[in-house]
Amino acid sequence: MENRFIRLIFIFTLLVFPVQSFVVSNIVKGLTPFNVLMIILIIVMFFSNKKFFYYLPVFILIFLTYFSIQEIFNSYYALGYKNKYIAYIITLTKTPYYLSIIRKSFVTQFLYLLVVVAFFILLLQYQKYYKYKDLLKFSFIAIWIFILYGWFEFFVFLITKQNPDFISNRIAGEDFQVGLFEVISIGGVDIQRIKSLAGEPSMFAYTVVPFFILGYYLKKKIFTIISLITLIISTSTTALLGLVLFVILDLIIFKRNVVKKIFLYLTSILILYLTFKDIFDVLLDLVISKLTLENISGIQRYTYFYN
């Protein structure tokens, strides 16, 4: 009975894991369906599997040790304090980085990370109870729904010029926006950048790219083609970077039929470029403007790295 309950919750967790822009309540930020179900699973695991709570503290210890060492060096070199940096490390404020090392958002971001790590440990611990194909099946169903909702938004906006997202309700940012609604002009036509239930195009890319790669190696041809086209339509530089890295790593790691692969990749890139020329031109402009610090996104990222 216990295993059946865990299996049922686990399946629902797999089905809703891509959803990031819908929350059960905005009172406690981050209560996405995935996080809520994971909290339930963690509670169940606390009473049923002590091994689970052996691996999780190990991760927490490693992470906090690494983080503490990092912040000690950051504060020592960036702030120049030799004796007072410990006070800065334990001070949680919203003040700028040069006044205090840790912001309050670190706590919430760490909790999000902890939930995902718990999910990974749960997957490893309980994989013997589930069929491998079932886990993949439910995961790909979730991604299919995720992608199709993105296309629904895309086409409805194309027709109505209105934001069609009726599901997202997560409030974020200083202006309390619900997600990030972005429109871009391609060949004189305004289109919505595909974000689906990720909240923004870059997070959409982060979610879909790993499954595009997985689908490619599992020879899911229809999924691979549609997910690739969707990633291109999203006009996300994150997606472009992920795809470039995928091609490079595939050629380096899997060295069989390298010449055939290079020909296949070059042919695919040429076909995609000729088919989506205007989109690729916009993407390349975005990449160049970010690298040359000509837009806000590029300037912000450079500043974060520099600091």
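Along the sequence shown, the residues carry numbers beginning at 1. Just the heavy atoms: all of them, side chains too, but no hydrogens, waters or symmetry mates, feed the values below.
Under 4.0 Å is where a charged nitrogen must lie from a carboxylate oxygen, and between Glu182 and Lys195 no such pair does. Looking at Lys261 and Asp250, a side-chain N of the basic residue comes within less than 4.0 Å of a carboxylate O on the acidic one, giving a salt bridge.
Between Tyr265 and Leu251, the closest side-chain pair of non-hydrogen atoms falls below 4.5 Å. At a threshold of 4.5 Å between non-hydrogen side-chain atoms, the residues Leu218 and Phe140 count as touching. Considering only heavy atoms from C-beta on, Leu61 comes within 4.5 Å of Thr65 through its side chain. Residues Asp165 and Ile167 meet the side-chain proximity criterion, which asks for heavy atoms closer than 4.5 Å. Proximity of Thr32 to Val36: side-chain heavy atoms (C-beta onward) are nowhere separated by under 4.5 Å. Annotation: side chain of Val156 is not in contact with side chain of Asn163 (no heavy-atom distance under 4.5 Å). Residues Leu264 and Ser268 have side chains in contact (heavy-atom distance under 4.5 Å, counting atoms from C-beta outward).
In terms of heavy atoms, Tyr149 sits closest to Pro164 at OH-O, 4.3 Å. Looking at every heavy atom in both residues, Leu15 comes nearest to Phe138 through CD2-O, 3.7 Å. The two atoms that bring Gly30 and Asn35 nearest to each other are O-ND2, 2.6 Å, heavy atoms only. The two residues Leu37 and Ile9 make their nearest non-hydrogen contact at O-CG2, 3.9 Å. In plain terms, the two heavy atoms of Thr230 and Ile226 that are nearest each other are OG1-O, 2.6 Å. Summarising the geometry of Pro33 relative to Val19, their closest heavy-atom pair is CD-CG1, 4.4 Å, with the distance given to 0.1 Å.
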**Worked verdict on Leu114 versus Val116 for side-chain contact (heavy atoms from CB on, under 4.5 Å)** = CA-CA 5 Å; Leu114 201 59; Val116 174; over 6 Å; no
**Request:** Tell me, with the steps shown, if Ile271 and Thr275 meet side-chain contact (heavy atoms from CB on, under 4.5 Å).
**Result:** CA-CA 6 Å; Ile271 292 171; Thr275 307; 4.0 Å; yes
**Stepwise ring pair (Phe, Tyr, Trp, His ring centres under 6.0 Å) check, Phe10 with Phe119** = CA-CA 9 Å; Phe10 199 76; Phe119 178 69; 5.5 Å; yes
**Prompt:** So Phe146 and Phe204, ring pair (Phe, Tyr, Trp, His ring centres under 6.0 Å) or not? Walk me through it.
**Reply:** CA-CA 9 Å; Phe146 190 65; Phe204 176 82; 5.2 Å; yes
**Message:** Evaluate Thr207 against Gln20 for side-chain hydrogen bond (donor to acceptor under 3.5 Å, both in side chains), listing each step before the verdict.
**Reply:** CA-CA 10 Å; Thr207 307; Gln20 302 155 59; 3.0 Å; yes
**Prompt:** Would Val189 and Leu158 satisfy side-chain contact (heavy atoms from CB on, under 4.5 Å), going step by step from the backbone distance to the final call?
**Reply:** CA-CA 9 Å; Val189 179; Leu158 204 60; 4.1 Å; yes
**Request:** Any chance you could lay out the side-chain contact (heavy atoms from CB on, under 4.5 Å) test for Leu136 and Leu214, step after step, and finish with the verdict?
**Result:** CA-CA 10 Å; Leu136 284 176; Leu214 184 59; 3.9 Å; yes
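Using bins of under 30°, 30° to 60° and over 60° for the plane-to-plane angle, the ring pair Phe212/Phe246 lands in the perpendicular bin. Below 30°, between 30° and 60°, or above 60°: for Tyr217 and Phe254 the angle between ring planes is between 30° and 60°, a tilted geometry.
Remark: the backbone N or O of Ile191 is not paired with any side-chain donor or acceptor of Lys161 at under 3.5 angstrom. In terms of modelled atom types and a separation under 3.5 Å, the side chain of Ser25 and the main chain of Ile27 share a donor-acceptor contact. Counting only distance, with no hydrogens or angles, the side chain of Ser234 and the backbone of Pro201 share no donor-acceptor pair below 3.5 Å. The main-chain N or O of Phe157 is never found under 3.5 Å from a side-chain atom of Gln192 such that the two would form a donor-acceptor pair. For Ser21 (side chain) and Ser168 (main-chain N/O), no donor-acceptor pair under 3.5 Å exists by modelled atom type. Without hydrogens or angle criteria, Ser227 side chain to Thr224 main chain gives a donor-acceptor distance under 3.5 Å.
Within 6.0 Å of atom CD1 in Ile222, 12 or fewer heavy atoms from other residues, nucleotides or ligands are found, so the atom counts as exposed in its surroundings. Around CZ of Phe152, the count of heavy atoms belonging to other residues, nucleotides or ligands within 6.0 Å exceeds 12. Lys221 NZ: 12 or fewer foreign heavy atoms inside a 6.0 Å radius. The number of heavy-atom neighbours closer than 6.0 Å to CG of Leu274, taken from other residues, nucleotides and ligands shown, is above 12. Crowding of Tyr206 atom OH: a count of heavy atoms from other residues, nucleotides or ligands under 6.0 Å not exceeding 12.
At least one test fails for Arg170 against the ring of Phe34: distance under 6.0 Å to the centre or angle within 45° of the axis.
The closest side-chain donor-acceptor pair between Arg193 and Thr235 falls under 3.5 angstrom. Checking Thr238 against Ser202 by side-chain atom types alone, no donor-acceptor pair falls below 3.5 Å.
For the ring pair (Phe, Tyr, Trp, His ring centres under 6.0 Å) test, no residue two or more places apart in sequence or in another chain qualifies with Phe263. Under the ring pair (Phe, Tyr, Trp, His ring centres under 6.0 Å) criterion, Trp151 pairs with Phe154, Phe155, sequence neighbours left out. Considering only residues two or more places apart in sequence or on other chains, Phe110 meets the ring pair (Phe, Tyr, Trp, His ring centres under 6.0 Å) condition with Phe63.
Rounded to the nearest 0.5 Å, atoms CG (Leu231) and CG (Leu272) are 11.0 Å apart. Taking CG of Leu243 as the start and CG of Leu228 as the end, the distance is 6.0 Å to the nearest 0.5 Å.
Aromatic pair Phe211/Phe17: centroids less than 6.0 angstrom apart.
When hydrophobic clusters are built by joining Ile, Leu, Val, Met, Phe, Trp and Tyr residues whose side-chain heavy atoms come closer than 4.5 Å, directly or via intermediates, Val23 is not grouped with Ile171. The hydrophobic clustering, which links ILVMFWY residues whose side-chain heavy atoms are closer than 4.5 Å, places Leu241 and Ile184 apart. Hydrophobic clustering (ILVMFWY, side-chain heavy atoms < 4.5 Å, transitive): Phe120 and Tyr66 are in distinct clusters. Under a hydrophobic-cluster definition in which Ile, Leu, Val, Met, Phe, Trp and Tyr are linked whenever side-chain heavy atoms come within less than 4.5 Å, directly or via other members, Ile252 and Leu245 are assigned to different clusters. Both Leu113 and Ile60 sit in one connected hydrophobic cluster of ILVMFWY residues. Membership requires side-chain heavy atoms under 4.5 Å apart, directly or through other members.
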